[in-house]
Each structure stands twice: as C-alpha cells, then as structure tokens.
Novice: 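Have a look at the structure that comes next, please.
Every value quoted in this text rests on a predicted model; they were computed, and no experiment measured them. For the numbers below, each heavy atom of this structure counts, side chains included, while hydrogens, waters and symmetry mates do not.
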Amino acid sequence: MINKYFEDEEIKQNDLFFMCSMIERVARKLHQRNRYVVNAVGYDNLYHLISLANVLHSENPDKVASDWIKEYSLEEGTFDIMDVDRELSTIIPTSLDMGKVYSRLIVDAASINEDYVSGMIRVYNDRICETIDSYTNGAFYEPSYVIARAYKEGEF
C-alpha cells in the first residue's frame with residue numbers, strides 16, 4: 001500500500017494493527033465507541049497517523065492516546081466497553097487483542113484498491129461492530145474468517 005503523503009513510504013499491515021489498537025485504546029480511555037474516534041479524527045488525519053505508525057509504535061501508547069485526544073479535541077463519552085456482566089463474559093480482550101481483530105477484518109473485507117484508512121472508516125462505521133464489541137457474546141473470539149463472513153453477510 002502506498003502512502004499519499006510520502007509516496008515512497010509503504011504502509012504495512014502492522015501499521016494498520018497499530019492504528020486499530022490505538023483507536024481502541026483512545027475509545028476506551030474516553031468511554032466512546034471506536035467509530036467516534038475514527039470519525040472525529042477524519043480521513044486525512046488518520047492517513048497522516050498511519051504514515052507515522054512505524055515511528056509512533058515505539059512511543060508509550062498512553063502518551064500517544066493522550067496526544068490524539070488533545071490534538072483532535074476528542075471528547076469524553078458515556079459508553080464503557082469494559083462494563084460487562086462478569087458472569088456472562090469471563091474474557092475481556094485488551095486493546096491489542098481488539099486491534100488484531102479489527103485489523104484482520106479490515107484486510108479480509110477490503111474492496112479492490114481500497115486503502116487501509118478507507119477500510120477503517122468503513123468497518124468501524126458498520127453496525128456489526130456493536131456485536132463484535134459486546135464481550136458477552138464472544139464474537140470477537142471467533143476466527144477471523146468467521147468475523148469477515150459475518151461482516152459481509154451483515155450478521156453473525
């Protein structure tokens with residue numbers, strides 16, 4: 001994948017994984033859904049951030065999250081993804097776990113010639129994310145091909 005800002009800089013799938021993990025981390029910190037973060041930051045800024053992912057991944061992730069919140073004026077919400085019935089959900093995935101789930105889904109469901117940022121915006125704005133992010137049903141724990149098929153079919 002070629003970066004439109006630095007045409008000789010290749011954006012790799014690991015950069016997408018970093019972005020998805022950071023989106024999850026920021027959303028959790030703000031008590032927002034991932035789509036809020038993606039939509040508030042916007043395409044151009046997401047593209048800029050993914051082009052810097054190979055450098056940003058070596059920084060403290062909490063500092064990176066705080067920088068994003070400040071830089072893009074992201075606001076506190078009321079959605080707490082960690083507020084689950086512990087009797088129904090024994091596994092709470094980390095932001096890295098969910099970054100892996102979403103980066104795989106974006107790659108597996110990509111349209112021809114779609115860049116990673118367009119894929120992030122498309123996937124995070126799909127209603128299937130509410131199912132994936134409901135940790136009581138275990139959808140996030142399914143193999144990536146099952147999640148991709150559910151995404152394409154519109155339901156699990």
Side-chain angles (χ1 to χ4, degrees), residues 1-83 92-135 139-140 144 147-156:
M1 178 150 309
I2 302 298
N3 181 323
K4 74 178 187 177
Y5 291 103
F6 307 102
E7 291 189 18
D8 60 341
E9 182 76 20
E10 183 180 356
I11 295 175
K12 299 183 170 132
Q13 193 168 341
N14 197 42
D15 300 327
L16 174 63
F17 166 64
F18 169 80
M19 290 294 293
C20 293
S21 299
M22 287 308 303
I23 289 165
E24 184 76 28
R25 180 179 291 271
V26 169
R28 287 179 182 199
K29 190 170 189 173
L30 291 174
H31 296 104
Q32 292 278 9
R33 291 197 177 271
N34 294 328
R35 71 173 165 257
Y36 166 79
V37 175
V38 168
N39 294 332
V41 173
Y43 181 90
D44 288 339
N45 291 323
L46 288 169
Y47 221 115
H48 176 70
L49 291 168
I50 201 170
S51 73
L52 299 174
N54 62 345
V55 175
L56 291 175
H57 82 272
S58 63
E59 292 194 28
N60 179 315
D62 288 328
K63 180 189 179 314
V64 174
S66 294
D67 289 348
W68 285 20
I69 291 166
K70 183 178 176 184
E71 176 75 21
Y72 303 109
S73 303
L74 301 176
E75 298 176 0
E76 193 77 30
T78 59
F79 173 72
D80 187 358
I81 198 162
M82 305 296 281
D83 185 21
I92 302 293
T94 67
S95 56
L96 290 173
D97 293 332
M98 293 309 293
K100 197 176 300 181
V101 168
Y102 278 108
S103 63
R104 287 177 180 165
L105 176 56
I106 291 163
V107 169
D108 291 346
S111 304
I112 297 174
N113 296 325
E114 180 179 54
D115 62 56
Y116 288 146
V117 174
S118 295
M120 284 191 297
I121 293 168
R122 178 182 42 76
V123 165
Y124 282 120
N125 280 288
D126 195 278
R127 64 185 182 92
I128 198 101
C129 293
E130 291 182 24
T131 303
I132 295 169
D133 291 341
S134 175
Y135 300 150
F140 71 91
S144 58
I147 296 172
R149 184 178 63 221
Y151 172 82
K152 290 174 185 174
E153 293 176 0
E155 64 183 5
F156 275 87

Novice: Can you list everything that forms a ring pair (Phe, Tyr, Trp, His ring centres under 6.0 Å) with Y36? Sequence neighbours excluded, please.
Specialist: none

Novice: Do L16 and M120 come close enough that some side-chain heavy atom pair is under 4.5 Å?
Specialist: yes

Novice: Does L46 form a side-chain contact (heavy atoms from CB on, under 4.5 Å) with I121? I'd like the steps, not just the answer.
Specialist: CA-CA 9 Å; L46 288 169; I121 293 168; 4.1 Å; yes

Novice: Which residues pass the side-chain hydrogen bond (donor to acceptor under 3.5 Å, both in side chains) test with S144, sequence neighbours left out?
Specialist: none

Novice: Return the set of residues passing side-chain hydrogen bond (donor to acceptor under 3.5 Å, both in side chains) with S134 (not counting sequence neighbours), or none when no residue passes.
Specialist: T136

Novice: Taking all non-hydrogen atoms of both residues, which atom of M98 and which atom of P93 are closest, and how far apart?
Specialist: SD-CG, 3.6 Å

Novice: Supply the atom-to-atom distance C129 SG to L105 CG, rounded to the nearest 0.5 angstrom.
Specialist: 7.0 Å

Novice: Only pairs under 3.5 Å count here: list side-chain donor-acceptor contacts from residues 149-156, not counting sequence neighbours, and write none if there are none.
Specialist:
residue : atom : partner : partner atom : Å
Y151    : OH   : R122    : NH1          : 2.6
K152    : NZ   : D108    : O            : 3.4

Novice: Within the structure provided, determine whether I81 and E24 are in side-chain contact (heavy-atom separation under 4.5 Å).
Specialist: yes

Novice: Is a donor on one side and an acceptor on the other found under 3.5 Å between the side chain of H57 and the backbone of A53?
Specialist: yes

Novice: Got a list of side-chain donor-acceptor pairs under 3.5 Å for residues 71-78, not counting sequence neighbours?
Specialist:
residue : atom : partner : partner atom : Å
E76     : OE2  : H31     : ND1          : 3.0

Novice: Can you list the residues that meet the ring pair (Phe, Tyr, Trp, His ring centres under 6.0 Å) rule with Y102, with sequence neighbours excluded?
Specialist: Y124

Novice: Taking the side chain as every heavy atom from C-beta outward, state whether K29 and S66 have any atom pair closer than 4.5 Å.
Specialist: yes

Novice: Holding to side-chain contact (heavy atoms from CB on, under 4.5 Å), I want the full list of residues that pass it with T94, two or more places apart in sequence or in another chain.
Specialist: L96, D97

Novice: Taking only residues two or more places apart in sequence, or in another chain, which ones meet N125 in a side-chain hydrogen bond (donor to acceptor under 3.5 Å, both in side chains)?
Specialist: N39

Novice: Dump the intermediate steps for side-chain contact (heavy atoms from CB on, under 4.5 Å) on F79 and L30, then the final yes or no.
Specialist: CA-CA 8 Å; F79 173 72; L30 291 174; over 6 Å; no

Novice: Could you measure the distance from the CZ atom of F17 to the CD1 atom of I106? Nearest 0.5 Å is fine.
Specialist: 12.0 Å

Novice: Just how far is it from atom CD1 of I11 to atom CG of D115, taken to the nearest 0.5 Å?
Specialist: 7.5 Å

Novice: Starting at CD1 of I50, measure out to CG of N45 and round the result to the nearest 0.5 Å.
Specialist: 13.0 Å

Novice: Going by salt bridge (charged side-chain N to carboxylate O under 4.0 Å, His left out), name the residues that satisfy it together with R33, two or more places apart in sequence or in a different chain.
Specialist: none

Novice: Counting N and O atoms only, with roles assigned by atom type, does the side chain of D15 sit under 3.5 Å from a partner on the main chain of K12, one being a donor and the other an acceptor?
Specialist: yes

Novice: SG of C20 to NZ of K100: how many Å apart, nearest 0.5 Å?
Specialist: 12.5 Å

Novice: Do you know the tightest heavy-atom contact between W68 and M22?
Specialist: CH2-CB, 3.5 Å

Novice: My understanding is that only residues two or more places apart in sequence, or in another chain, count here; which of them pass salt bridge (charged side-chain N to carboxylate O under 4.0 Å, His left out) with E130?
Specialist: R35

Novice: In Å, rounded to the nearest 0.5 Å, how long is the span from CG of L56 to CG of L49?
Specialist: 6.5 Å

Novice: Please enumerate all residues that pass side-chain hydrogen bond (donor to acceptor under 3.5 Å, both in side chains) together with R25, with sequence neighbours excluded.
Specialist: D62

